[in-house]
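To start, the structure itself, in structure tokens.
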Amino acid sequence: MDSNQLFKIKKGKAFQDVVPASQKNNIVAAQLNGRLYDLSETSPEEGNIELISIGSREGEKILLHSAAHLLANAIVELYPDALPNTSNEGEDTFYYDFNMQPISIEDFPVIEKKMEEISHKNLKIEKKILPKLKLLEEFSGNKYKQDKINENVKDGSESSMYIQGNYKEFCRGPHVPSTGFVKVFKLLSISSTNYGGDVNKERMIRIYGTAFPDRKMLREFLQRREEAMKRDHRKIGQEMDLFTFDNERAPGMPFYAPNGAVIRNELINYMKELNAKSGWEEVWTAHAFKDIIWKQSGHYYKYKDDMFLFTLPNGDSYGLKPMNCPGHIAIFQRNIYSYRDMPIKYSEAGTVYRYEKSGEMGGLTRPRGFTIDDGHGFVREDQIFDETVSLLKIIPSIFKTIMGTDEITYDLSVMDKEHPENYLMSYKCSSCGEKFMLRAASQEFKCPNCGSTDLEADFTMWDNATENLRNALDSLGLKYTEYPGEAAFYGPKIDVHIKDALGRQWQLSTIQIDFFMPGNFDLYYIDSSDKKVRPVIIHRAIYGSYERFIAILLEHFNGKLPLWLTPIQAYVIPVSENYNNYARSINQKLIENGIRSKVDISDGTISKKIKLIRPMRPAYIIVVGEKESSSNSVSVRNRNDKTREYGLDEFVSVVLNEIKNKDIGQAF
RNA sequence: GCCAUCGUAGCUCAGCAGGUAGAGUGGUUGAUUCGUAAUCAACAGGUCGCGAGUUCAAAUCUCGCCGAUGGCUCCA
């Protein structure tokens, strides 16, 4: 990526006059005091400006943005009835929403041709400042633009409009100086959306595209895209024979075939190990509960449309668990606890069922039944810090071990103190002194004891929990971003994101503080002065869900999982029938050593067998014939198609070591 | 739930101006006994997602349903 260059500018001078002649085709905008300007604008003050090159991060964004406008320009020329709404830019792509007749990707060539045409004309992109009323007039035929103007421009004030040829756009800018700057672009896909993202409003057509400074970058982008497609976990899952879906009889429910069950079980076992080390005790809870528990937990009222609910012939109403916490709470409630017993920490590979709407499902990433590495810690308020630290210590090491990545980011979601009514808060009644909890936005705002509405909010619990999460992050020196207003209504939380091999961010782990459930279930422990005290629940998941995590791992590793997770660790092929027995004995020896091995004594050539087994991504393919059988050795082929000879015992120990160390790469 | 596209053999896909299905691969059997990405041959495999309609005739056209994919919304 290009770096931007610094220049001095005087007040009132046009930015474009500062651009060196040799750079005219490369510079798209200027930045002064953190604000971006079009090159055609004049500087409001004297200062140092940064010239934004088309290849820089900001430049790319401007390019994508301008490409979106180029698309809209082409669309209105080709489809005069089309009403452009709004555009947006992502990492490498842009989209533009239109209210227009349905089109398909078959129309792309024509649209792209029109875009090219406009680009070739190299129309100047001009900025015009107009008063609000004038702007509304300019866009009188487009209610979307008018809405946008009304939303963004105060009455009596002014804003900018951009003009390229006959096309005008209400926009803040900046843009590239002329349409000719957008010369390498491609339309990618089409989808639909609703105006303002509101399902009740009219449907819009969203067209996605991309643009780059040069052809090479576009080509690379398309290759990366294709690679990501090839790595789709559904495709890899089929090639490796990991799982299947029975769309007719159990839509949205993943079924693990033996190979997939291996991966799942290895991950579960690893989590069990980690839980044991950090004091999270394994429990097990049932899958079906009478609906009273979901009514008590509050899930019923909020999520009943998204739950699997059923009534038996005798009238009993049940629901499949959409969450594991009530089950863990039920276990917690079997006993009475002293403050000395706390924390009580339960964990379970807990399968939950959520009736995701038909369009919301997707492979393993969004199934209707999935298993969470769920944990619920029942803790004293003063234990939040320690428990959070302990989780935050373990989480990065887990992902380092499994995925080999250090690229982890942390989000701290806290309450929006301007709007305490959105959260479950402690209140003290000013007239009777009663203390209680209440979520003002969804409950009647009055004292449950005397009915007074003179209530005093008490932020202590929230402040304390938030401070503990913050301190936990700080004490480990972890960088994090704080998001006010993003907390759940029942408590603050920390989310952990991992970047995969394709550069995508995934939210995996979560640590949530919950003040709500303990109240719903009237949980308590006995403190040192013999009083009942409400514990706080810490919800935690590290992988998130096994299904989603497996999908992420498959795409991250392109199916070539670390050996300990690999379903077929060794695949033995004899050179001919004459060596079937030797091949069998190798296979047997590997299996006896706990290595997942298979032997292929079917009729066929080695080449063919290798060809057919490769998509299954066995870690090591072992070919044996005369040479090996006479020297008790194996010829081993790794996933990079390199081969190497090993004595049998040596190979076994190499493999066992690789498994034990959970190595990311192969032994050779 | 909404919009778009799609649903043909275990898998990948062809057939769709309407005339009741075809390839490759996998499977089985036989021949071959083979040194690291497809040995040869024969055979078996499908009520063309489900249901209705139009028609003498539907995989093909129409409608409804069920599913899948990409988005939107949602994601405790």
Side-chain angles (χ1 to χ4, degrees), chain A residues 95 97 102-106 188-208 229 232 234-235 238-239 241 244-252 294 297-307 321-326 352 354-363 365-368 370 372 374 488-491 493 507 510 512 514 516-517 539 541 544-545 548 571 573-580 600-615 620-629 635-638 641-645:
Chain A
Y95 66 72
D97 292 349
I103 56 166
S104 79
I105 51 169
E106 264 136 57
L188 298 171
S189 64
I190 238 165
S191 72
S192 95
T193 176
N194 296 81
Y195 181 45
D198 181 343
V199 286
N200 298 312
K201 297 217 171 114
E202 64 266 39
R203 286 183 302 281
M204 314 285 286
I205 299 219
R206 176 170 291 182
I207 301 175
Y208 284 86
M229 235 122 78
D232 187 305
R234 285 165 295 209
K235 190 170 180 304
Q238 191 177 58
E239 288 168 355
D241 196 23
T244 185
F245 285 87
D246 187 334
N247 296 325
E248 300 297 321
R249 296 176 294 187
W294 310 119
S297 70
H299 293 116
Y300 186 88
Y301 303 101
K302 196 156 182 216
Y303 297 109
K304 95 172 127 75
D305 291 343
D306 304 313
M307 284 178 67
K321 61 173 166 181
M323 289 282 286
N324 294 305
C325 24
V352 298
R354 299 177 182 179
Y355 187 80
E356 303 289 353
K357 302 282 178 287
S358 56
E360 290 160 356
M361 289 190 287
T365 43
R366 198 72 191 276
R368 281 188 178 146
F370 59 96
I372 307 172
D374 216 349
F489 77 87
Y490 50 78
K493 62 172 179 178
Q507 194 219 297
T510 177
Q512 304 190 4
D514 182 356
F516 186 55
M517 285 295 152
H539 301 252
S545 95
R548 202 170 79 107
Y571 194 80
I573 302 174
V575 157
S576 80
E577 217 173 297
N578 301 331
Y579 306 99
N580 278 359
D600 183 350
I601 49 166
S602 67
D603 197 12
T605 60
I606 304 169
S607 296
K608 182 166 181 177
K609 288 177 182 177
I610 289 177
K611 165 94 182 172
L612 293 177
I613 196 64
R614 278 179 105 261
Y620 295 110
I621 295 174
I622 297 167
V623 175
V624 294
E626 177 56 35
K627 201 170 67 183
E628 291 77 14
S629 65
S635 166
V636 182
R637 173 183 174 132
N638 72 8
D641 305 315
K642 292 210 178 75
T643 55
R644 226 203 106 148
E645 299 291 319

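Chain letters run A, B, ... following the sequence lines, proteins first and then strands; every chain starts at 1. Basis for what follows: all heavy atoms, side chains included, without hydrogens, waters or symmetry-related copies.
Comparing atom distances between the A/T605 side chain and each of B/A37, B/C3, B/C34 picks out B/C34 as nearest. Of all nucleotides listed (B/A68, B/U36, B/U69), B/U36 comes nearest to the side chain of A/I606. Of the candidates B/C75, B/A68, B/U36, B/C75 carries the atom nearest the A/R354 side chain, counting heavy atoms from C-beta on. Between B/G67, B/U32, B/C72, one nucleotide has an atom nearer to the side chain of A/D603 than all others, and that is B/U32. Distance from the side chain of A/T643 is smallest to B/U36 among B/A76, B/U36, B/G35. Checked against B/G1, B/C34, B/C74, the side chain of A/E356 finds its nearest nucleotide in B/C74. Here the nucleotide nearest the side chain of A/N247, chosen from B/A37, B/A76, B/A68, is B/A68. Which of B/U36, B/A37, B/U32 sits closest to the side chain of A/D641 comes down to B/A37. Ranking B/A68, B/A38, B/G1 by closeness to the A/S607 side chain, first place goes to B/A38. You'll find that the side chain of A/Y490 is closest to B/A76, out of B/C34, B/A68, B/A76.
As judged by a 4.0 angstrom heavy-atom cut-off over every strand, A/Y208 is placed among residues touching the sugar-phosphate backbone only. Across all strands shown, A/Y579 has no heavy atoms under 4.0 Å from either base or sugar-phosphate atoms. Within 4.0 Å of A/R206, counting heavy atoms only, lie sugar-phosphate atoms of the nucleic acid but no base atom. Within the 4.0 angstrom heavy-atom criterion, no nucleotide atom of any strand lies near A/M204. A/T193 comes within 4.0 angstrom of the backbone, heavy atoms only, and of no base. As judged by a 4.0 angstrom heavy-atom cut-off over every strand, A/K627 is placed among the base-contacting residues. At a threshold of 4.0 angstrom between heavy atoms, the contacts of A/G363 are confined to the sugar-phosphate backbone, with no base atom among them. Counting any heavy atom pair closer than 4.0 Å across all strands shown, A/E628 reaches a base atom.
Every residue two or more places apart in sequence or in another chain that forms a ring pair (Phe, Tyr, Trp, His ring centres under 6.0 Å) with A/Y355 is listed here: A/F308. Shown here are the side chain to side chain donor-acceptor pair (under 3.5 Å) partners of A/R614, two or more places apart in sequence or in another chain: A/D641. By the ring pair (Phe, Tyr, Trp, His ring centres under 6.0 Å) test, A/Y208 is found to be paired with A/Y95, residues two or more places apart in sequence or in another chain being considered. By the side chain to side chain donor-acceptor pair (under 3.5 Å) test, A/D374 is found to be paired with A/N324, residues two or more places apart in sequence or in another chain being considered. With sequence neighbours excluded, no residue satisfies salt bridge (charged side-chain N to carboxylate O under 4.0 Å, His left out) with A/R354. Every residue two or more places apart in sequence or in another chain that forms a salt bridge (charged side-chain N to carboxylate O under 4.0 Å, His left out) with A/R234 is listed here: A/D232. A/K302 pairs by the salt bridge (charged side-chain N to carboxylate O under 4.0 Å, His left out) definition with nothing, not counting sequence neighbours. Looking at residues two or more places apart in sequence or on another chain, you find no ring pair (Phe, Tyr, Trp, His ring centres under 6.0 Å) involving A/Y303. Applying the salt bridge (charged side-chain N to carboxylate O under 4.0 Å, His left out) rule to A/K357 yields the partners A/D306; only residues at least two apart in sequence or on another chain are considered.
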Can you check nucleotides 26-28 of chain B for protein contacts, nitrogen or oxygen pairs under 3.5 Å, and list what you find?
{"unit_1": "B/G26", "atom_1": "OP1", "unit_2": "A/K608", "atom_2": "NZ", "d": "3.0"}

For nucleotides 7-11 of chain B, list the nitrogen or oxygen atoms of the protein found under 3.5 Å from its nitrogen or oxygen atoms, one pair per line.
{"unit_1": "B/C11", "atom_1": "O3'", "unit_2": "A/Q238", "atom_2": "OE1", "d": "3.3"}

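Nucleotide B/A17 carries a syn base; the chi torsion (O4'-C1'-N9-C4 or O4'-C1'-N1-C2) is within 90° of 0. With a glycosidic angle no more than 90° from 0, B/G45 adopts the syn conformation.
If you take atom C1' in B/C34 and the same atom in B/C6, they sit 43 Å apart, rounded to whole Å. Here the separation of B/G18 from B/U25, taken at their C1' atoms, is 31 Å to the nearest Å. Taking the C1' atom of each, B/U39 and B/U32 are spaced 7 Å apart, rounded to whole Å. Spacing between B/G15 and B/A9 at atom C1', rounded to whole Å, works out to 14 Å. Spacing between B/C61 and B/U8 at atom P, rounded to whole Å, works out to 15 Å. Here the separation of B/C63 from B/G24, taken at their P atoms, is 36 Å to the nearest Å. Comparing the same atom, P, in B/A58 and in B/C48 gives a spacing of 12 Å after rounding to whole Å. For the C1' atoms, the distance from B/G7 to B/U12 is 15 Å, rounded to whole Å.
Separation of the A/Y620 and A/Y571 ring centroids does not fall under the 6.0 Å cut-off.
The side chain of A/R249 contributes no N or O atom lying less than 4.0 Å from OP1 or OP2 of B/C66. Regarding contacts with the backbone of B/C72, every side-chain N or O of A/R203 stays at 4.0 angstrom or more from both OP1 and OP2. Put simply, A/S358 has a side-chain N or O that comes within less than 4.0 Å of OP1 or OP2 on B/G1.
Between A/K609 and A/S602 the shortest side-chain heavy-atom distance falls below 4.5 Å. A/K321 places none of its side-chain heavy atoms less than 4.5 Å from the side chain of A/P326. A 4.5 Å side-chain heavy-atom check between A/E628 and A/E645 finds at least one atom pair inside the cut-off. With contacts defined as side-chain heavy-atom distances shorter than 4.5 Å, the pair A/I573/A/I610 qualifies.
One cannot find a donor-acceptor pair under 3.5 Å joining the base of B/G70 and the side-chain atoms of A/S189.
Ring planes of A/F516 and A/F489: perpendicular class, angle over 60° (limits at 30 and 60°).
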(request) Dot-bracket for RNA chain B, please, read 5' to 3', with Watson-Crick or G-U wobble pairs under 3.5 Å on both distances, ( ) within the strand, [ ] crossing, | other strand, . unpaired. (result) (((((((..((((.....[..)))).(((((.......))))).....(((((..]....))))))))))))....

